[in-house]
Amino acid sequence: MEELIKKFEELFGDSNGVKRYFSPGRVNLIGEHTDYNGGHVFPCALTIGTSGVARKRNDSKLHFYSMNLERFDVVEADLSDLTNHTEYNWANYPLGVVWAFKEKGYEIPTGFDMVIYGNIPNGSGLSSSASLEVLTGTIIKDLYGFSDISPVDIALYGQYSENNFNGCNCGIMDQFAVAMGKKDSAIFLDTADLSYEYADIKLPDAKIVITNSKVKHSLVDSAYNDRRNESAAALKDLQTVLDIKTLGDIDEKTFDENASVIKDEVARRRGKHAVYENQRTIRAVEALKNNDIELFGKLMNESHISLRDDYETSCTECDILVEEAWKIPGVIGSRITGGGFGGCTVSIVKNDAVDTFKDTILKVYKEKTGIDAEVYVVDIGQGAYVLD
Ligand code: GLA
């Protein structure tokens, strides 16, 4: 934060009246590719994230500066032109949120200056973009006194801007987790109606460990959108025989009994994943409530197999990380997390196995892929907040 303030002074003259903000990244424990299928997700906010300092201006200019991407210098936009410009690069994320507030009827009277720094590894699937969107929403709410806006609204505006200003058709999970996270809890969110409850993550004997494959395959956005379309095709065929609104409305048995109406074989597998993964998530949260962490881990493993084989959003590198993790004694569960096609895996590892896990995974992954993975033992943090 001190560095951010110093940078702010250097760029904008002084730091009188500057305010400080933080917005986390997230990891999803289970419930993958269910959030646009009317299903459940179970993510938590992390203690790593994006820090920002900001101050209102007297004119209509908007200034964005990232200490991670200093080569872009200060990006200057203006309230009179809230449109996506390729040359704004990363700043299209905060700008999109300004646009979304306006679209939702909030008049932002003056511009602002904003400097950020994030420690979420880039392109890792730990939601650096949702973190930045929710940070910006938190800043706008605070600077302009929009006290009627809730953290859920901020999450929705973040998703709205990502869908309509930045062109990624994501669901609500990431922004919701980042805005609504609670220390030491995961959020059991029903994306059909945004009802949610917090579940304590009491793991006295184990840790949540994230492994970054360091790969991000191209065409992620288009592959993601393909999955959405394929799931929608499965739903459409099922609706010819079932009175349902989403794939989250049915259980495995109902799916199996009716799956033959899904004409396309690929769409059938996508639909199967969406239905089974939603039910797995419900069962996993139940298991956690019963302190049955072994069952929780088993369901995480099943989630990975389903993402690997039916939904096909894993990749060779993440399969290696997960399948090697399964072999290590003390690993309770392991799966790819987030949108997929690279990024991170999440594992639950017994305390006394964490060191072996790290050493083994890093070594085997390097041998098999030539890539140095990164392993982080993480803590669950709280959602976005204002520091002063
Ligand atoms: C990305 C999207 C989320 C969700 C996940 C998959 O992270 O932003 O909305 O769909 O992929 O579970």
Side-chain angles (χ1 to χ4, degrees), residues 23-46 49 93 96-97 120-134 152 155-181 186-192 194 196 210 212-213 216-217 219-232 246-248 270 273-281 284 299-300 302-304 306-308 310-315 318 335-346:
S23 177
R26 70 95 188 87
V27 66
N28 188 22
L29 298 178
I30 192 162
E32 215 66 82
H33 291 280
T34 47
D35 67 343
Y36 50 85
N37 281 312
H40 293 77
V41 292
F42 197 49
C44 46
L46 298 170
Y93 284 97
V97 178
I120 303 172
N122 244 351
S124 60
L126 300 177
S127 292
S128 52
S129 46
S131 175
L132 178 54
E133 287 154 7
V134 171
V152 174
L156 287 165
Y157 300 173
Q159 182 202 19
Y160 186 77
S161 72
E162 182 142 354
N163 291 171
N164 300 296
F165 195 88
N166 281 300
C168 174
N169 213 6
C170 64
I172 188 62
M173 170 170 74
D174 302 348
Q175 290 81 5
F176 199 97
V178 166
M180 296 293 290
I187 311 172
F188 183 42
L189 169 68
D190 183 350
T191 63
L194 295 191
Y196 64 94
I210 293 176
N212 188 350
S213 70
K216 189 178 167 131
H217 293 287
L219 300 176
V220 172
D221 284 357
S222 66
Y224 184 90
N225 289 337
D226 288 348
R227 295 302 179 281
R228 284 195 74 137
N229 294 335
E230 289 153 2
S231 300
T246 71
L247 294 172
R270 308 300 191 236
H273 167 80
V275 170
Y276 275 62
E277 179 76 355
N278 180 42
Q279 298 300 322
R280 254 193 299 276
T281 306
L299 292 163
M300 286 176 77
E302 283 177 16
S303 165
H304 183 79
S306 179
L307 289 161
R308 184 191 65 192
D310 285 336
Y311 218 65
E312 294 180 285
T313 51
S314 188
C315 59
C318 290
R335 58 183 287 277
I336 187 171
T337 183
F341 311 103
C344 290
T345 66
V346 59

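A quick note: this is a predicted structure, and the numbers were derived from the prediction, not measured. Atoms within each ligand, like the ligands themselves, are counted from 1 in listed order. Scope of the values below: all heavy atoms of this structure, side chains included, with no hydrogens, waters or symmetry mates.
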Considering non-hydrogen atoms only, spot the tightest contact between Glu133 and Ser161 and give its length.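 Looking at all heavy atoms of both residues, the shortest contact is CG-OG, 4.2 Å.
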
Any idea which heavy atoms bring Val346 and Met300 closest together, and the distance?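 The answer is O-CE, 3.6 Å.
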
Which atoms of ligand 1 have any heavy atom of [X] under 4.0 Å away?
X	result
Cys170	2 (C), 8 (O), 9 (O)
Tyr36	10 (O)
Gly171	9 (O)

Could you verify whether a donor N or O on one side chain and an acceptor N or O on the other, from Ser231 and Tyr311, lie under 3.5 Å apart?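 A donor-acceptor contact under 3.5 Å links the two side chains.
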
Test of understanding: given a 4.0 Å heavy-atom threshold, classify the contact between Gln175 and ligand 1 as side chain, backbone, both, or neither.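 Contact part for Gln175 vs ligand 1: neither.
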
Protein contact of [atom] - nearest heavy atom, named by residue and atom, plus distance:
atom	value
atom 11 (O) of ligand 1	Gly339 CA, 3.2 Å
atom 3 (C) of ligand 1	Asp35 OD2, 3.4 Å
atom 7 (O) of ligand 1	Asp174 OD2, 2.9 Å
atom 5 (C) of ligand 1	Met173 CE, 3.8 Å

Using modelled atom types and a 3.5 Å cut-off, is there a donor and acceptor pairing between side-chain atoms of [X] and backbone atoms of [Y]?
X	Y	result
Asn163	Cys170	yes
Ser131	Pro24	yes
Thr191	His40	no

Select the closest option to atom 12 (O) of ligand 1 among Arg227, Glu162, Gln159, Glu32, judged by heavy-atom distance.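 Of the listed residues, Glu32 has the closest heavy atom.
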
Just going by heavy-atom distances, which of Phe341, Tyr224, Tyr311 is nearest to atom 10 (O) of ligand 1?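 When every heavy atom of Phe341, Tyr224, Tyr311 is considered, Tyr224 comes closest to atom 10 (O) of ligand 1.
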
If the contact criterion is a heavy-atom separation under 4.0 Å, does Arg26 count as touching ligand 1?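 Judged by the 4.0 Å heavy-atom criterion, Arg26 does count as contacting ligand 1.
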
Should Arg335 and Ser303 be marked as a side chain to side chain donor-acceptor pair (under 3.5 Å) after you check the CA-CA gap, both sets of side-chain angles, and the distance that decides it? CA-CA 7 Å; Arg335 58 183 287 277; Ser303 165; 3.0 Å; yes

Is Glu312 salt-bridged to Arg270, going by a charged N under 4.0 Å from an acidic O?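 Here Glu312 pairs with Arg270 in a salt bridge, since their nearest N and O are under 4.0 Å apart.
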
